[in-house]
2 protein chains.
Amino acid sequence: MAAAIAIADADGLAAVSMRAVAARLETGAASLYRYLSSRDDLLDLMADRVAAELRPYPEPDGHWLDTLLRMARAQRALHERHPWLSELIQRASAIGPETLAFFDACLGVMAPLPAPPTAKFEAIAMMNGIAVLFARQRTAGGASPFAGLDLTPYPHLVAALTQPPAAPPATDLFDRALGGLLRGLLAPDPA
Amino acid sequence: MAAAIAIADADGLAAVSMRAVAARLETGAASLYRYLSSRDDLLDLMADRVAAELRPYPEPDGHWLDTLLRMARAQRALHERHPWLSELIQRASAIGPETLAFFDACLGVMAPLPAPPTAKFEAIAMMNGIAVLFARQRTAGGASPFAGLDLTPYPHLVAALTQPPAAPPATDLFDRALGGLLRGLLAPDPA
DNA sequence: GTAAACTGCAAACGTCGTTCGCAGTTTTGG
DNA sequence: CCAAAACTGCGAACGACGTTTGCAGTTTAC
């Protein structure tokens, strides 16, 4: 399992073949089936294993939003360390004990809030999604995706690309975006 | 290509094998390579083909935010029609002319705004991400992902699940969340 | 000390993407 | 009008994949 995670970190999920994992363990591919029922099993275990890196969960001492944001930042860092994770968590079977524990901890932080459970589940889904979104942006931020393309039919695009990049924004967008979203979902609407 | 999209809509991306596509076209698998250089090529073409469904782009008559929200809603509807699309757009090679045209249209709507280009690109990425997020939530909303799991170690989870589901929120979360996000990214910060 | 259980693994099966080579057809050009 | 060239369809095969089977070799249980 650690071998599989190492391969995925290095060469992506597609490189995690039973034969590759077995080779790294200096054994045969068929031997893995003594411990795993299938490759999907292995992927599920990988997802839940790295989810353990979200521990320890922060103590809910401050405001609930601060605590949730801390947890969301941990999620983003996790997805930056393991870019392949986002491909796995959209599979329902990848929900293991560690993932559930994180869910439960989030719900624990939100427990004092009067919002209905459906809103809380939506809020957790948003946390996950935003964390993945920002992690991907940082992970794939290397090369410009417009290299080698004929951009002449797209005037606004060339205008935006020729303009020099400005300084990064002062406050972190992640906190502002997610904070606003969670507040809108969970807090009694002040509007 | 239409055959491949039909297969993906019906049975998912994994079912789009060269042999399956060829069978639906009543031909041999090798024949496809007269028109496609690889399966990845086919996937890229599929992604750009369905991106054409985003047309016609709305006229930028109202406020820029209204126009962007309309375009984001079209994206969400697209991802609900083709759930496999979200797996494709994270590949850089999937950026085709239709995708670029949509990008360009978004930038056109944002053209009067004084925000730097980087902020506008981030805003488009957020639009994409949020649209995928909401589409997935509606697509995979069928069965509860906690079926057949032992939830006893997760007290907050069982507490939330036993509570009866409340009525859905009044205003659409999609507009509120994305609107707030885009305003925060693009409009001069009033804080 | 024998029986039972467990472990490792080569070989094989079916499916996948892809390539090759060869027929059959269409287009070209003199 | 016909041969040369180009294009098209595709059966067969290659390597890699996930997975199963069967059999040795080893460990455990009684």
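The structure presented is a predicted model; accordingly, all values stated were derived computationally and were not measured. Computation of the quantities below employed the complete heavy-atom set of this structure, encompassing side-chain atoms and omitting hydrogens, waters and symmetry-equivalent molecules. Convention: sequence-line order gives letters A, B, ...; per-chain numbering from 1.
- In this structure, A:Leu42 atom CG and D:dT19 atom C1' are separated by 14 Å, rounded to whole Å.
- Of the residues near DNA chain D, A:Arg39 and B:Thr27, the one whose nearest nucleotide (by heavy atom distance) lies more toward the 5' end is B:Thr27.
- Dashed line: the shortest gap from a side-chain N or O of A:Tyr33 to OP1 or OP2 of C:dC9 is not under 4.0 Å.
- At whole-Å resolution of the value, CD in B:Glu26 and P in D:dT8 are 20 Å apart.
- In plain terms, the two heavy atoms of A:Ile7 and A:Ala15 that are nearest each other are CG2-O, 3.5 Å.
- At a threshold of 4.0 angstrom between heavy atoms, the contacts of A:Ser31 include nucleobase atoms, whether or not backbone atoms are also involved.
- Side-chain contact between A:Leu157 and B:Phe121 is present, with at least one heavy-atom pair separated by less than 4.5 Å.
- Of the possible donor and acceptor atoms, none in the side chain of A:His82 sits under 3.5 Å from a partner among the backbone N and O of A:Trp84.
- A:Leu43 places its CG atom 9 Å from the P atom of D:dG18, with the value rounded to the nearest Å.
- Counting to the nearest Å, the P atom of C:dT18 and the CG atom of B:Leu32 are 11 Å from each other.
- A donor atom on one side chain and an acceptor atom on the other are not found under 3.5 Å apart for A:Asp40 and A:Ser38.
- Residue contacts for B:Arg34: at a heavy-atom cut-off of 4.0 Å it reaches a base atom on one of the strands shown.
- Here A:Val16 lies in heavy-atom contact (under 4.0 Å) with sugar-phosphate atoms only.
- Rounded to whole Å, the distance from CG on B:Leu25 to P on D:dT8 is 15 Å.
- If you take CZ of A:Arg19 and C1' of C:dA10, they are 11 Å apart, rounded to a whole angstrom.
- In this structure, of D:dT19, C:dT18, D:dT8, it is D:dT8 that holds the atom nearest to the side chain of B:Tyr35.
- Along DNA chain C, the nucleotide nearest A:Gly28 and the nucleotide nearest B:Met18 are compared for position; the residue whose nucleotide lies closer to the 5' end is A:Gly28.
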